[in-house]
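Have a look at the structure below, then the notes.
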Protein chains: 2
Amino acid sequence: MPKLDESLLSDLPPFCLLEKSQIREILDRAVSRRYEEGSAIFREGHDADRFYLLLDGYLRVVRTTPGGDQIIVLHISPGQLFGIAPALQRDTYPATSIAAAESIALSWPTSLWPEFVANYPGFATESYKTLGQRLGQIQDTLTEMATQAVEKRVACALLRLVNQTGRKTEEGIEIAFPVTRHDISEMTGTTLHTVSRLLSSWQKDGIVQSTRKHIVVTAPHRLVVLSGIEG
Amino acid sequence: MPKLDESLLSDLPPFCLLEKSQIREILDRAVSRRYEEGSAIFREGHDADRFYLLLDGYLRVVRTTPGGDQIIVLHISPGQLFGIAPALQRDTYPATSIAAAESIALSWPTSLWPEFVANYPGFATESYKTLGQRLGQIQDTLTEMATQAVEKRVACALLRLVNQTGRKTEEGIEIAFPVTRHDISEMTGTTLHTVSRLLSSWQKDGIVQSTRKHIVVTAPHRLVVLSGIEG
DNA sequence: TCCGGAGTTTGTTTCAGAGCAACGTTCTGT
DNA sequence: ACAGAACGTTGCTCTGAAACAAACTCCGGA
């Protein structure tokens with residue numbers, strides 16, 4: 001493995017307060033690995049033996065029911081920590097992480113977590129902040145799921161993707177990684193059929209433009225209206 | 001305020017590793033307060049200026065949508081920490097806490113949190129464990145909400161209440177605090193009408209027995225079957 | 001003791017969205 | 001270049017549960 005460059009970490013929230021030498025230390029103990037689209041980084045229920053940082057790509061965090069249904073709990077973007085079960089004193093991962101696009105992640109053995117927290121100022125703080133945001137976000141999703149009709153949920157899901165990973169293009173804002181109708185149905189607790197119909201109708205209305213695994217939102221404001229947020 | 005007894009804390013997970021003198025210290029800085037049924041301990045969006053420990057009673061943790069719909073995210077039982085936004089570097093509470101029955105809670109100013117974490121061994125660990133469990137639990141609820149039909153969700157909700165707060169009686173297991181049909185509908189994202197119908201039909205089948213604000217599960221095993229869990 | 005409100009029950013109507021089915025299209029590997 | 005798989009679209013049917021409506025019961029307070 002080639003030596004990793006310090007600039008990989010030096011701007012990220014959990015590490016930005018650190019000395020160069022500390023970042024070097026952290027990187028020297030990290031394992032870097034590439035994951036191809038569709039492959040799992042770790043799986044629900046397995047031993048939480050490592051924690052991770054996503055350098056490049058996008059992940060889906062997924063839960064599976066006993067009945068075999070899946071749902072996407074959240075997405076991870078570059079720069080975020082994930083698989084941080086050790087932070088919560090868990091010895092097993094509570095969900096599965098799948099690369100939604102080709103991705104690269106660093107990882108460290110769980111046993112280093114306490115040391116990171118103790119030695120690197122700002123690391124604990126930032127990690128727990130991430131956790132707090134994630135908890136809030138899941139509560140939002142739960143509330144939405146419990147109270148909103150399918151159309152609004154799908155609109156919200158799309159907006160979340162756009163906010164988190166949107167890239168500006170000529171035609172509008174494009175979601176930066178492959179998303180299928182089926183993925184969106186697993187984010188919103190509906191069927192791919194319903195998602196397909198909604199997307200078709202929005203396309204007719206000029207709100208989105210989509211091809212296979214690829215969505216561009218051309219009129220975000222109209223989607224916001226549909227989502228029923230804001231006053 | 002009368003001096004609080006040390007035995008209040010000495011057996012609880014976050015404090016059980018501590019010296020007597022430390023527990024004394026903690027209690028001396030705590031404020032104890034009674035909340036009557038239906039009153040709020042704190043509200044969503046407000047300054048997270050204190051964190052809490054429930055000594056007696058039961059709480060509902062509730063979120064409200066812009067549209068005015070409410071949903072119950074989780075319940076708090078005696079002995080649990082709550083309102084621990086500071087642990088997640090949040091400066092505002094992400095949800096509202098309501099006393100589901102007459103309750104008593106201790107609280108401390110948020111500014112003491114770092115000190116508790118630093119000085120009291122096991123405190124941080126246990127708090128984060130709680131958080132981890134709560135995160136997992138909410139993910140469960142979300143998954144359930146997204147994939148299961150109403151009947152299963154209501155069965156699950158009832159089982160969760162029973163597991164968390166159930167008290168054995170002659171007729172079966174009784175939920176230890178007042179729960180209305182409406183409450184259950186807010187736990188499951190349905191209407192009180194549907195909950196009422198389900199409960200009636202279960203009563204006919206001898207699975208539950210309920211009067212106003214009061215539910216006894218007489219055949220938990222049959223509820224488990226309905227909930228569709230287990231292998 | 002009577003009133004009013006909160007909680008519950010039950011009936012009827014309505015429709016969003018799941019389920020099923022069939023087909024079209026674009027990719028991948030050989 | 002072809003077969004098969006993965007992804008997407010669309011029409012039709014049917015049902016679970018929301019919406020609407022109306023009473024009934026219990027409880028606390030004046």
Side-chain angles (χ1 to χ4, degrees), chain A residues 36-39 60 65 67-71 98 100-102 144-155 157-158 175 177-205 208-216 226 228, chain B residues 36-39 60 65 67-71 98 100-102 144-155 157-158 175 177-205 208-216 226 228:
Chain A
E36 57 182 277
E37 187 175 328
S39 65
R60 294 194 292 270
T65 65
D69 298 304
Q70 281 201 339
I71 83 132
I98 309 273
E102 169 156 352
E144 187 187 299
M145 196 78 84
T147 62
Q148 306 293 69
V150 167
E151 185 177 32
K152 292 195 177 193
R153 301 210 300 270
V154 174
L158 235 45
I175 293 168
F177 63 91
V179 207
T180 66
R181 313 285 182 259
H182 186 244
D183 289 337
I184 296 177
S185 78
E186 290 191 343
M187 294 176 67
T188 51
T190 179
T191 61
L192 75 165
H193 308 273
T194 300
V195 173
S196 178
R197 282 181 238 273
L198 283 172
L199 249 37
S200 297
S201 105
W202 290 344
Q203 180 134 354
K204 232 169 254 128
D205 296 351
V208 304
Q209 218 175 328
S210 71
T211 60
R212 146 183 280 244
K213 286 192 174 210
H214 184 245
I215 300 178
V216 181
L226 284 174
Chain B
E36 58 182 276
E37 186 175 331
S39 66
R60 294 195 294 270
T65 65
D69 297 304
Q70 279 200 339
I71 83 133
I98 309 273
E102 167 155 353
E144 186 187 301
M145 196 78 86
T147 63
Q148 307 293 71
V150 167
E151 185 178 33
K152 294 195 176 195
R153 300 209 301 268
V154 174
L158 234 45
I175 293 168
F177 62 92
V179 207
T180 67
R181 313 286 181 259
H182 186 245
D183 288 338
I184 297 178
S185 78
E186 289 190 343
M187 295 176 66
T188 51
T190 179
T191 60
L192 76 163
H193 308 271
T194 300
V195 173
S196 177
R197 281 181 236 273
L198 283 171
L199 249 36
S200 296
S201 105
W202 291 344
Q203 180 133 354
K204 233 170 255 130
D205 296 351
V208 304
Q209 220 175 327
S210 70
T211 59
R212 142 185 284 243
K213 286 195 176 204
H214 184 245
I215 300 178
V216 180
L226 285 174

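In what follows, every chain begins at residue 1, and chains take the letters A, B, ... in the order their sequences are listed.
At a cut-off of 3.5 Å, with distance as the only test, no side-chain donor of B/R212 or B/T180 sits close to an acceptor on the other residue.
Listed by first and then second residue, the ring-ring contact (aromatic ring centres under 6.0 Å, His included) pairs involving residues 182-205 of chain B amount to none (not counting sequence neighbours). Sorted by first then second residue, the salt bridge (Lys or Arg N to Asp or Glu O under 4.0 Å) pairs that include residues 183-196 of chain B, not counting sequence neighbours, are B/R60-B/D183.
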Base versus backbone protein contacts along nucleotides 12-22 of chain D [heavy-atom cut-off under 4.0 Å; B, S, -]: B----SSBBB-
Nucleic acid footprint by protein, nucleotides 25-30 of chain D - heavy-atom cut-off 4.0 Å, B for base, S for sugar-phosphate alone: BBS---
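Protein atom CD of A/Q203 is 12 Å distant from nucleotide atom C1' of D/dT9, rounded to whole Å. In this structure, A/I184 places its CD1 atom 16 Å from P of C/dG17, rounding to the nearest Å. Between the P atom of D/dA6 and the CG atom of A/D183 lies a distance of 14 Å, rounded to the nearest Å. For the pair A/W202 CH2 and D/dT9 P, the interatomic distance rounds to 13 Å; values are reported in whole Å. A straight line from CG of B/L192 to P of C/dT9 spans 10 Å, rounded to a whole angstrom. Rounded to an integer number of Å, the gap from NE2 of A/H214 to P of C/dT26 is 15 Å. Rounded to whole Å, atom C1' of C/dT25 lies 15 Å from atom NZ of A/K213.
Side-chain nitrogen and oxygen atoms of B/S200 include none within less than 4.0 Å of the OP1 or OP2 phosphate oxygen of C/dT8. Applying the 4.0 Å criterion to OP1 and OP2 of C/dT8, one finds that B/R181 has a side-chain N or O inside that range. Side-chain nitrogen and oxygen atoms of B/S196 include none within less than 4.0 Å of the OP1 or OP2 phosphate oxygen of C/dT8.
Applying the side-chain hydrogen bond (donor to acceptor under 3.5 Å, both in side chains) rule to B/R153 yields no partners; only residues at least two apart in sequence or on another chain are considered. Every residue was checked against the side-chain contact (heavy atoms from CB on, under 4.5 Å) condition with B/S201, not counting sequence neighbours, and none meets it. A search for side-chain contact (heavy atoms from CB on, under 4.5 Å) contacts involving A/S200 returns A/S196, not counting sequence neighbours. With sequence neighbours left out, the side-chain contact (heavy atoms from CB on, under 4.5 Å) criterion links A/E37 to A/P178, A/K213. In this view, B/T191 and B/T194 satisfy the side-chain hydrogen bond (donor to acceptor under 3.5 Å, both in side chains) rule, not counting sequence neighbours.
A/M145 and B/A146 get closest at one heavy-atom pair: CE-CB, 3.7 Å. The two residues B/L226 and B/K152 make their nearest non-hydrogen contact at O-CG, 3.5 Å.
A 4.5 Å side-chain heavy-atom check between B/I71 and B/M187 finds every atom pair outside the cut-off.
Note on B/L199: nothing from the nucleic acid sits closer than 4.0 angstrom, heavy atoms only.
Between its two ends, the helix from C/dT1-D/dA30 to C/dT30-D/dA1 turns its axis by 50°, counting five pairs per end and rounding to 10 degrees.
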